[in-house]
Structure formats: C-alpha cells, structure tokens
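Reading through the structure tokens given below for one structure.
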Amino acid sequence: MSHYEYEVTFKELYRLIVFKKVCPFCQSKLRRINEDVLIKKGWFETEYVDTMYTYGKIFRRKIHYCCDVCDKYIELRQLKKKRWE
C-alpha cells in the first residue's frame, strides 16, 4: 500500500484549482507532471490511529507543469491568472 504526501501551500492549491493551465511564455496548454520521492518503506505507525501499524511506502509528491512547445518546466507559483474564454 502506498501513501502520498503533497507539498502544496494554500496559494498553490488555489492556483491548482482555479487558474487555467496555460504556458506564460507561448500560451500553449501545459502538461501536469507528478514528481514522487520515496520517504519511507516498510512498517510504520499510522498518524491517525496510535496502535495501528501498516506496511507500505510513503511518497512525497510535488506537482509542476511542463510545456511541450517551449520545453520549460513551470511551478505552480508561476501560473498567471487568465480569463476563461
């Protein structure tokens, strides 16, 4: 069983939900990329229940975007607010 933790601030979460995913340089559509980093593997105690143990992997996931046209990686904080058309 795998568990994922996301590294997202409140402002980045707002941009992830509300902003249109358009490249600020060439105005083309962005592709979402999830970067997973393995934190822990094996038996670990769950955070929600004190006496329960689970076996699996814990990953930390970062979200960023890639533009296929201009080959640039764009973080969530670099997204610009654009009107929906």
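Here the structure is a predicted model, which is why all the values come from computation and not from measurement.
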So L16 and Y65, side chain to side chain contact (heavy atoms under 4.5 Å, CB included) or not? Walk me through it. CA-CA 10 Å; L16 180 67; Y65 289 91; 3.3 Å; yes

Check the pair E12 / R77 against side chain to side chain contact (heavy atoms under 4.5 Å, CB included), numbers first and verdict last. CA-CA 6 Å; E12 290 175 343; R77 63 180 174 265; 4.1 Å; yes

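The side-chain heavy atoms of L30 and V22, taken from C-beta on, include no pair separated by under 4.5 Å.
Considering only residues two or more places apart in sequence or on other chains, Q78 meets the side chain to side chain contact (heavy atoms under 4.5 Å, CB included) condition with I74, E75. With sequence neighbours excluded, the residues that form a side chain to side chain contact (heavy atoms under 4.5 Å, CB included) with K41 are K57. With sequence neighbours excluded, no residue forms a ring-ring contact (aromatic ring centres under 6.0 Å, His included) with Y6. Residues that satisfy the salt bridge (Lys or Arg N to Asp or Glu O under 4.0 Å) test with E5, not counting sequence neighbours, are R60.
Transitive grouping of hydrophobic side chains (ILVMFWY, heavy atoms separated by less than 4.5 Å) brings V8 and V18 into a common cluster. Hydrophobic clustering keeps I17 apart from F10 (ILVMFWY residues linked when any side-chain heavy atoms are closer than 4.5 Å, directly or through intermediates).
A distance of 9.5 Å separates CD in Q27 from NZ in K20, rounded to the nearest 0.5 Å. How far SG of C23 is from NZ of K72: 7.0 Å, rounded to the nearest 0.5 Å. Distance SG/C67 to NZ/K21: 15.0 Å, rounded to 0.5 Å. Annotation: the span from F59 atom CZ to Y4 atom OH amounts to 5.0 Å, rounded to 0.5 Å.
In the hydrophobic clustering, where aliphatic and aromatic side chains (Ile, Leu, Val, Met, Phe, Trp, Tyr) are joined below 4.5 Å either directly or transitively, Y73 groups with I33.
Taking the six-membered ring where the residue is Trp, the centroids of Y55 and W43 are separated by under 6.0 Å.
For residues 22-37, the salt bridge (Lys or Arg N to Asp or Glu O under 4.0 Å) pairs, not counting sequence neighbours, are R31-D68, D36-R61.
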